[in-house]
Amino acid sequence: MAVDDLNHHLIAVGVGVGEDAATAHCGLRTLVRNMAQLVVSLGILVAADKLVEQAFAAASIKFPSALFAMFCVFALLLLLPPSLANGFMAFFDPATVFIHRWLPLFFVPSLVVLPLAVRDVSPASALKILFITFGGWFASLVVAGYTALSVRRIVKTQLIPAEPMKRPSPFGPLEFWAWAAVFVASFAVAYVSPTALGTTATTCLPFLLASTVFGYILGSRLPSGVKKVLHPIICCALSADLAAVAYGYLSRSGVDAVLGDYLTESPSNPGAGDILMGFLGSVIISFAFSMFKQRKLVRRHAAEIFTSIAVASTFSLYSTAILGRVVELEPILTISILPRCITVALALRVVSLFEGVNTSVTAAVVVLTGLIGANFAQAVMDKLRLKDPIARGIGTASSAHGLGTAAVSAKEPEALPFCAIAYALTGVVASLFCTLPAIRHSLVFIAGDASASQTQHISY
């Protein structure tokens, strides 16, 4: 009996080992398949963005190319049979989750190189910009929230549950230490041989990219109380700047040279910032998927959503121009901060329609607006007695874009769908407004005098 028991035990162990091996093999195969789907789906979005951008550039079309691509994807989803549209959405789901998870990284580069961009901005102008940012955010929140609430009272449409939205997975210890190791190794290589990968920009790219990603992961893992003071985006930018300062000091090249290599704006010699900002067009295209997923909600509450967003977008653009004129901010700086309430991905596209703007100031003001909304939007709406989920969602996103949306999603899931819709549509509507020459000319005229407007050679 003992021998039989031993044989049975060995057979059981063998079966168990075999099952474990089969499970591991299946898990590995699933991982490889998921990674392949992510690479292909994300690659298609990036490639589509670049192809449309090149086509628009060749045709001298000033309309934001990524916005056009987004409309094309959204129209395609609407025209496809439901089964094909759902399959299309499922195929690009890994790409949209990836974009959502890493979104802040894609507009951080402008913050990282901000020290180079603000040297010509006087302290007085900086204070005026801060005043416009804080005051404009509050006014935009009030206008968007009460507009939505007023329309809600008129149409009296009953609120229904929205489609569930996927949340990106949190960052784990493996990612944290992996990026830390990449930073240390690539920093050492760049220090030993500054042109090991061809140019200083490409050699610095790995450790500057790693420092940016590492800072974002570190900031995301901080306690919620600390995040209110040191937001992951700020932590991310500081991490990259500290890496640039350290390398500039040790290599004796200077921090300015390293920051110049971080964002070269040269396709033939890209830096870490250029790689990250290369995803901004894909971010805009991905809005098509979120809007399509919530199409029933958009259709049901179209009056509240589109009226509020149209009013809020118009108010945000013109109030910024008027405030800039009132406080006598330089016209070019006023124009640079016009899209303060829309996501950086579209804000940079909007200001590109004007010439001579400071895009780093644009990005900084947009991020600052988002940080203000993330920290104070809910408390302000409570004081204003804005309790309706639609009004809270639209008010938050129309005044503080993605960062405000992220803050609301943690505490108010019923408002999140309207945040997501308004987050995308506010940028889309504001961008469409600014493609109209009459609106652009009027904004330039309000922002400054005739001599300032003459510097803006605005055309399609």
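- Here the shortest heavy-atom pairing between V52 and A69 reads CG2-CB, 4.3 Å.
- Heavy-atom minimum distance, Q37 versus F91: NE2-O, 3.1 Å.
- Two rings, from Y191 and F187, have their centers 6.0 Å or more apart.
- R340 places no side-chain N or O within donor-acceptor distance of the main-chain N or O of T320, the cut-off being under 3.5 Å.
- One N or O on the side chain of R392 and one on the backbone of L386 form a donor-acceptor pair closer than 3.5 Å.
- Across all their heavy atoms, A85 and F292 have their closest contact at CB-CZ, 3.8 Å.
- Not one N or O on the side chain of S140 forms a donor-acceptor pair closer than 3.5 Å with the backbone of S316.
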Next item on the list: Show your working on side chain to side chain contact (heavy atoms under 4.5 Å, CB included) between I394 and T426 and close with a plain yes or no.
Entry: CA-CA 9 Å; I394 294 176; T426 299; over 6 Å; no

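- Counting only heavy atoms from C-beta outward, the side chains of M381 and T396 approach each other to under 4.5 Å.
- Exactly one residue among V351, V357, L329, V366 makes a side chain to side chain contact (heavy atoms under 4.5 Å, CB included) with I337. That residue is L329.
- V113 places a side-chain heavy atom less than 4.5 Å from the side chain of Y262.
- Here the closest heavy-atom approach between residue L346 and residue G427 is recorded as CD1-C, 3.4 Å.
- Using a 30° and 60° split on the angle between ring planes, F56 and F68 fall in the tilted class, from 30° to 60°.
- T264 contributes a side-chain N or O that, together with a main-chain N or O of N269, makes up a donor-acceptor pair within less than 3.5 Å.
- Within the 4.5 Å cutoff, side-chain heavy atoms of L197 are placed close to those of P206.
- The main-chain N or O of I446 is found under 3.5 Å from a side-chain atom of R325 such that the two form a donor-acceptor pair.
- Residues L317 and C434 approach most closely at CD1-SG, 3.9 Å, considering heavy atoms.
- With D93 contributing its side chain and M89 its backbone, the two residues share no donor-acceptor pair below 3.5 Å.
- Taking the six-membered ring for Trp and thresholds of 30 and 60 degrees, F214 and F176 have ring planes inclined between 30 and 60 degrees apart.
- Minimum heavy-atom separation, V121 to A126: CG1-N, 4.0 Å.
- Looking at L76 and F88, their side chains come closer than 4.5 Å, going by heavy atoms from C-beta outward.
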Notebook entry, point to check: Are S336 and N358 close enough, and set up right, to give a side chain to side chain donor-acceptor pair (under 3.5 Å), and what steps lead you there?
Noted result: CA-CA 6 Å; S336 297; N358 190 325; over 6 Å; no

Next item on the list: Assess whether side chain to side chain contact (heavy atoms under 4.5 Å, CB included) is satisfied between V112 and L263, documenting all intermediate values.
Entry: CA-CA 9 Å; V112 175; L263 189 63; over 6 Å; no

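- With a 4.5 Å cut-off on side-chain heavy atoms, T203 and P194 do not count as touching.
- For R101, the salt bridge (charged side-chain N to carboxylate O under 4.0 Å, His left out) test picks out E175, with sequence neighbours left out.
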Margin query: Working note: F138 + F134, criterion ring pair (Phe, Tyr, Trp, His ring centres under 6.0 Å); need CA distance, chi angles, decisive distance, verdict.
Written below: CA-CA 6 Å; F138 178 78; F134 277 86; over 10 Å; no

Check: For L67 and R349, what are the C-alpha separation, side-chain angles and deciding distance, and is it a side chain to side chain contact (heavy atoms under 4.5 Å, CB included)?
Finding: CA-CA 9 Å; L67 202 58; R349 288 335 193 249; over 6 Å; no

Check: Which is it for L323 and V327 under the side chain to side chain contact (heavy atoms under 4.5 Å, CB included) test, yes or no, and what are the steps along the way?
Finding: CA-CA 6 Å; L323 281 174; V327 301; 5.5 Å; no

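- When the salt bridge (charged side-chain N to carboxylate O under 4.0 Å, His left out) test is applied to E265, no partner is found at least two apart in sequence or on another chain.
- Inter-residue side-chain proximity for F183 and V213 is flagged as unmet; no heavy-atom pair is nearer than 4.5 Å.
- Between L127 and F131 the shortest side-chain heavy-atom distance does not fall below 4.5 Å.
- A side-chain donor-acceptor contact under 3.5 Å links S239 to the backbone of S211.
- Ring-plane geometry between Y216 and W102 is classed as tilted, the angle between the planes lying from 30 to 60 degrees on a 0 to 90 degree scale.
- The aromatic rings of F98 and F106 lie tilted to each other, with the angle between the two planes from 30° to 60°.
- The six-membered or imidazole ring of F287 lies near that of Y423, with a centre-to-centre distance under 6.0 Å.
- Residues R295 and L77 have side chains not in contact (no heavy-atom distance under 4.5 Å, counting atoms from C-beta outward).
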